[in-house]
Colleague: 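Sending over a structure as structure tokens; questions will come in a sec.
One-based numbering, in listed order, for ligands and for the atoms of each.
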Amino acid sequence: MWLLLKGGRIIDPASGIDKIGDLLIVDGRIAAVGKVAEPNKNTDGMESGETCDVSGMVVTPGLIDMHVHLREPGFEYKETIATGANAAAAGGFTAIAPMPNTKPAIDNRAMVEFILSTAALEADIRILPVGAMTKGMDGKEMAEIGEMVASGVTAVSDDAFPIQNSELMRRLMEYCKMFDLPILTHCEDKNLVVDGMMNEGAVSTVLGLRGMPAAAEEIMIARNIALAELAGSRLHIQHVSSAGSVEIIRQAKKRGVNVTCETCPQYFSLTDEAVCGYNTNAKVNPPLRTAADVEAIKQGLAEGVIDAIATDHAPHAIEEKEVEFNAAAFGMVGLETALPLTITNLVETGVLSLSDAIAKLTANPASILKVEGGNLKEGSYADVTIFDPKAEFTVKASELKSKSKNTPFDGMTLKGSAVATICYGKVVYGQEKLIGAGKV
Ligand code: DOR
């Protein structure tokens, strides 16, 4: 089986490629990039195949989202592995890393095997499970990390239940170092946040909502960096949202600490003003912050202090969002809006080149997680995303593939959504637009 994509703008940051060309996929792998002739059905022994004209489109490695929440098992009414994978494919993602805050938590071998076997049956894209660091994510006792590594876990994280005990965190860092296992940290000093609901500042005062100071994020980032230096281990910081956090990570990188980080589209696209009107779809943890924070996040992305863009896709049911602000769940869906928000708010505005933006969604997360993919080199997995960087569309929450519709971007006009997504050489989204359609 072959698929030839003709005349697209091929951007592969891992290979330093940004040029108009063709891409040939044979039997699930990248076979050739450049000027490629259609395989001869008679002489090359390759009987079935398609040629698609993708001129005007951008062709990149399949996007990798290193931070999502699929809610299976335990909360299938919000999202399942199957529906989350469908939403991811529609958003241009070919690999996603689900966090362990399911019920029960993914904290042992059997749970990792459940995720992988369900994904093998029900998901068209690659699922890279993340295991919990402590049993039940209760921050007390180390989880069976060695066994989870043996069964295929990609990284570990205690997600939104960050380990407050520094001694335990140090031991976990030392232990994970033996496996060179990425530790993904949601940084939050829970004692300082108390029961805050949004960013602490002028807007929270006007709305009368209890605030979450940026210092709660920054204190924990500084602590985790100090512990990673002590343990000599590597550290990845999730969803960076504040100017102070960017500065702490900038300084740590300057002195050679092995630290990487991600931000999410909401932190470069929205401020805490989005909460005005008590909009629960803008309630997220860490919270949306100020315009100065948004500028610092953009600066951090442009400088390379922020390595990756992830979504923190956090589906919640309507009854968990259409309630009083203090009772609403934290989180927003993000898989289907991440690429267009990146194109519209970072590339169109000149913060990042298209190639640098793609690197933060492909090669960089692949290298942090040490997984295959994230490039278009010959012989690599044929995980490919095709998008139109110029076509405008309006986000319609009701039409999202995700089971949950909790997005603050409903009704916004954006550019650059995925046209087709290919995983292992199979078209997993946009088949009708690509195959047999002539020019895409
Ligand atoms: O807003 C959030 N929602 N932040 C998190 O860290 C967790 C997530 C969830 O699981 O809903």
Colleague: Looking only at side chains, do H69 and D312 share a donor and an acceptor under 3.5 Å apart?
Modeller: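 Result is yes, a qualifying pair exists.
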Colleague: Report yes if N101 has an N/O atom closer than 3.5 Å to an N/O atom of ligand 1; otherwise report no.
Modeller: yes
Colleague: Could you tell me whether some N/O pair between F330 and ligand 1 is separated by less than 3.5 angstrom?
Modeller: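 Between F330 and ligand 1, an N or O pair is found under 3.5 Å apart.
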Colleague: Once the angle between the rings of H67 and H239 is folded into 0 to 90°, is it parallel (under 30°), tilted (30 to 60°) or perpendicular (over 60°)?
Modeller: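 It falls in the tilted class, 30° to 60°.
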Colleague: Could you list which atoms of ligand 1 come closer than 4.0 Å to a heavy atom of H316?
Modeller: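 Counting from 1, the qualifying ligand atoms are 11 (O).
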Colleague: Side chains of Q164 and N191 only: does a donor on one sit below 3.5 Å from an acceptor on the other?
Modeller: no
Colleague: Only heavy atoms of H69, strictly under 4.0 Å: list the atoms of ligand 1 that pass.
Modeller: 7 (C), 8 (C), 10 (O)
Colleague: Which of the numbered atoms in ligand 1 are under 4.0 angstrom from any heavy atom belonging to H239?
Modeller: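 Reading through ligand 1 atom by atom, the close ones are 6 (O).
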Colleague: Can you confirm whether the side chains of E79 and S402 place a donor and an acceptor under 3.5 Å from each other?
Modeller: yes
Colleague: Taking atom types as modelled and ignoring hydrogens, do the side chains of E122 and T118 form a donor-acceptor contact shorter than 3.5 angstrom?
Modeller: no
Colleague: Any chance the side chains of E319 and Y77 put a donor and an acceptor closer than 3.5 Å?
Modeller: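 Checked: E319/Y77 side chains show no N/O donor-acceptor pair below 3.5 Å.
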Colleague: Out of all atoms in ligand 1, which are within 4.0 Å of some heavy atom of H186? Include the element for each.
Modeller: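 Within the 4.0 Å cut-off of H186, ligand 1 contributes 6 (O).
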Colleague: What atoms of ligand 1 come within less than 4.0 Å of a heavy atom belonging to V284?
Modeller: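 In order of numbering, the contacting atoms are 1 (O).
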Colleague: Looking only at heavy atoms of R71, does any of them come nearer than 4.0 Å to an atom of ligand 1?
Modeller: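 True for this residue.
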Colleague: Under 3.5 Å between any N/O of N285 and any N/O of ligand 1: does that happen in this structure?
Modeller: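 N/O-N/O distance below 3.5 Å exists for this pair.
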Colleague: Taking both backbone and side-chain atoms of A160, is any N or O found less than 3.5 Å from an N or O belonging to ligand 1?
Modeller: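 Among all N and O atoms of A160, none is under 3.5 Å from an N or O of ligand 1.
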Colleague: Do R289 and S241 have side-chain atoms, one donor and one acceptor, less than 3.5 Å apart?
Modeller: yes
Colleague: Suppose I only count heavy atoms of A314 and a 4.0 Å limit; which atoms of ligand 1 are within that range?
Modeller: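 In order of number, 3 (N), 8 (C), 9 (C), 11 (O).
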Colleague: Judged by modelled atom types alone, do T290 and D293 share a side-chain donor-acceptor pair under 3.5 Å?
Modeller: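 Yes, side-chain donor-acceptor contact under 3.5 Å.
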